Amino acid sequence: FLLEHHHVFFIAEVCKKGVVTVSPSRTVLFGSTVNISCSLKPKEGCSRTSNFQKLTFYQNRLRVHSQKTHLLSIQVSNLHLGTTVFVCKVSCGGHVESQVCGADISVGVTPEQPQNLSCSQLGEQGNVVCTWDKGRDTHLYTVHTLQLTGPNNLDLEKQCAPYHDDLDLGMSLSPASPEANYTAKVVASNSLGNSSSLPLVFSFVDIVKPLPPSDIRADFPNLLANFCTLQWQDRGPVVLNRLQFRPVHENAWKTVHVANSGGRYDLYNLIPFTEYEFQISSKLHSVKGRWSDWSKSLRTQTPREEPVGTLDVWYTVDDLEGGLQNVSLFWKNMSMSEARGIILGYQVTIQEVPGDSLAVPHTLENLTSHTHFAVVLPQNDYVVAVSAVNSEGSSSPSRTFIPRQPRKGRTDLWLALASPQNILAKPQGTDGIGVTWEPPHEAAMLVKEYLVEWRALGTGSSPSSPVNWRRLPTVNMSAVISEHVKPHVCYQIRLCALWGDGAGCARTWADLTSKEPLTGPRVQNATAGKGTATVTWDEIPAQDQMGCLLHYKIYLKELRSQSPSHIFEIPYEVGNTTRLIRGLRPGVTYVLWMTASTAAGEGPRGNERELSLEDTPEWNILVVPIAVALVAVGIFSMPRVRAKVKSVFWALQPQWYNQEIPDPANSMWAKKYSIIEDEMQLHFQSLSNNCTNSEEPETLEINEVLPKSAPTLQETHPSCWPRDHNLHEPGRESWLQVPKPFEVGAEYGVSHPSTPASHRPEKGQVTDPYRAMGSGGPKAEDPGSHLRAIPVDYLPAHIDYLPSNLDYLPSTAAGPPEDSELQGLSFSIFPKGSFHPLICGEKLTLDRMGLKMLDNF
């Protein structure tokens, strides 16, 4: 490249063959036209004829123009700002070119007027330094010269170094003449022209910048935070000071101007136990002049004082068994300005509100270092007071009323109506979760404020789990939750309308953003039933849910089957981890798994479990009847039980249900002993005649044989027959005593007809049913037929079929029946007579027995 300060070298070494000329100048104003010519020196051209000699111009290495000649000229316009290099080359009929000469053309602009000229002097001993704005770039070599004139024939001119916009004059103004005026200006010049700034007139007071104050300190007399004495050391004849201070955790400064302070100033109303930052600057004149730089910062902490303000307290209540409730209290940390010291703890006081004004309320006090407190209390109304404590004292207690759950005199329906309505929560972009609601239907005018509470789902209800809340005025019907909200986390949001002595709350769930769950629910147990299955699973860990779960899906696929899976969708409910599934095929083995879904989609499947359902349930219907039948067979196989049951059944039958007693005359016994019966009839007639003639009748000896064991049951119905006052005690009813049957030769008794099966003989026994029957058949018109229900032992004597020869009777008893308790038990609806055996001296004759029985009838 060809540069200006290399012109001599270029001419001597490069331009041996020719010359390049530029007109009007090698430095031109932007937008000018330039003429450039290239000519060869004598004997420097080609050795051949001119027809083979060619000259070419290159502009910044790009071919511009070429011609077969000894002199080549071109005209160039629209050159760019800066330097452009032109080179001329010659060729002699071939491709090889040799350089003839070249020229660089500089394109620029004239200097602009320098602006914003200012001069300053640091302290009394500092040098004067001036600065200015040069304006646009000229693209040419430009010189700036500072000219200063003043008293005492001061005339100073000093040139600034290239590419600099400030200049140290190397001199200082004397404070002896603080009001003396000085004039300064800057001249900028280059090859195209020059320009001067406006003159700047100043004095010592105007340009001198004092040094910043030093040795700053802060004192707190009597350790009072609201009174601080700030002291410093000025450096020079300072008239005005400027103080700025702030708490270190804040950005905004507070500024105070102090005139003629003498290096001391008192500050008031500082925040106790707060670290402050202080800075001071100074000035030589109250109106004119420049402020010094800020001093080095002083940081100090104000003394402690007792806390101010009240804590923001909130609570949750969980009902427990036995009339108890778990009360969890939460409160927010105080700000530094409120704490006014290190908070050592929190004083919690819980006082019961008794229903009786005369009762002494129970009080619980506790000091905790946490911002939460939990206690189990009986269900009642309570007032809670919480205050912050530091080394200097405690804050005013924050009082909160906790009503009984639910409030006395208020139903759950009233609480629902007193809660915010139509609460809706959804993501608000990346800013947070937006919550909207409508005022309560009831007690809307009583609402003092709204409170929005949110906590991450899965943190539980432990007092230490983070709970966040914000209070809002009643005019707000929406809020954006942006604090302590993370993506892919489900939050339980509770909105409460607060009034004087209670709150009505409604809740919902929302997340900022969601993704598919990382894992699926783990099936803990699957119990098969009759076409049903009960499935129990574990909740997905909170860190794997990746947002609010919307529903579960239970998949049931038949084992070794190509049929599609059965899918059961279950809406998600917090704490509900059990589901009963119906409509499954009995006797089928299923493979079961579960998935969970958020708004972003369905997550992966959980573990798999095999579930084998019971076979067709019809056989189960027969189990109970078969079991009952087997038990019944086993019970009735016992003779003792069978006899009891039969006797009870027969005893419960009505009297009219029994069949007519068959005619004894048709029996085998009657035919076999007909002759004996005729003889007995004749003998009976003979005895009757003798009794009529007052003769001694022929006696028939009958020996009474008493049974060895004849327990009896009293009749449950009193007899309706006429009583014989000679046989019964006066004033007592006659209760029938029925003896048990006994062995052959003993006195015979027959059970009541209403219980024919109560004395059914065992195997090998024969019982004669006709022993006590009259001679008339079932259809005989015998006047005594209405006495069929009367026990045979007490039939009247005129019934004449009782045999006298007892030796011919068949054996009937091998022993008494097994059930001795029900022997003789009768439930007949007809009355029975109560007759005692007739005893006539030592012997009982038939004529006496017959007459006596007729008397009874």
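Since we're looking at a predicted model, the values are computed, not measured. Counting from 1, the numbers follow the sequence of the chain as shown.
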For Arg471 and Glu453, what are the C-alpha separation, side-chain angles and deciding distance, and is it a salt bridge (Lys or Arg N to Asp or Glu O under 4.0 Å)? CA-CA 9 Å; Arg471 298 179 186 270; Glu453 170 198 305; over 6 Å; no
Between Tyr315 and Phe330, does the ring-ring contact (aromatic ring centres under 6.0 Å, His included) criterion hold? Intermediate values first, please. CA-CA 6 Å; Tyr315 69 92; Phe330 308 91; 9.5 Å; no
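In summary, the aromatic rings of Tyr346 and Trp331 are positioned with their centroids under 6.0 Å apart. For an aromatic pair to be called close, the ring centres must be under 6.0 Å apart, and Tyr552 with Tyr572 satisfies this. Between His484 and Trp469, the gap from one ring centroid to the other reaches at least 6.0 Å.
Counting non-hydrogen atoms of other residues, nucleotides and ligands closer than 6.0 Å to CZ of Arg399 gives a total of 12 or fewer. Annotation for Lys296: atom NZ does not count as buried by contact number, only 12 or fewer foreign heavy atoms lying within 6.0 Å. Within 6.0 Å of the CD atom in Gln125, the count of heavy atoms belonging to other residues, nucleotides or ligands does not exceed 12. Counting non-hydrogen atoms of other residues, nucleotides and ligands closer than 6.0 Å to NZ of Lys288 gives a total above 12.
Between the side chains of Thr131 and Ser118, a donor-acceptor pair is found at a separation under 3.5 Å. The closest side-chain donor-acceptor pair between Glu275 and Gln301, if any, does not fall under 3.5 angstrom. No hydrogens or angles considered: a donor-acceptor pair under 3.5 Å links the side chains of Ser261 and Asn241. Defined by atom type and a distance below 3.5 Å, a donor-acceptor pair is missing between the side-chain atoms of Ser295 and Gln279. In summary, the side chains of Glu277 and Ser297 do present a donor paired with an acceptor at a separation below 3.5 Å, with no hydrogens or angles considered.
A cation-pi arrangement, defined by a distance under 6.0 Å to the six-membered ring centre and an angle within 45 degrees of its axis, is absent between Lys553 and Trp593. Taking the ring centre of Trp291 as origin, the terminal cationic atom of Arg242 falls inside the region bounded by 6.0 Å and 45° from the ring axis.
Atom-to-atom distance recorded for Ser281:OG and Trp232:CH2 is 10.0 Å, nearest 0.5 angstrom. Once rounded to the nearest 0.5 Å, the distance linking CH2 of Trp509 with CG of Asp511 reads 13.0 Å. Here the CD atom belonging to Gln379 is positioned 7.5 Å from the CG atom belonging to Leu324, to the nearest 0.5 angstrom. Atom CD1 of Ile216 and atom CZ of Phe278 lie 10.0 Å apart (nearest 0.5 Å).
Using a 4.0 Å cut-off between charged nitrogen and carboxylate oxygen, Asp293 and Lys209 count as a salt-bridge pair.
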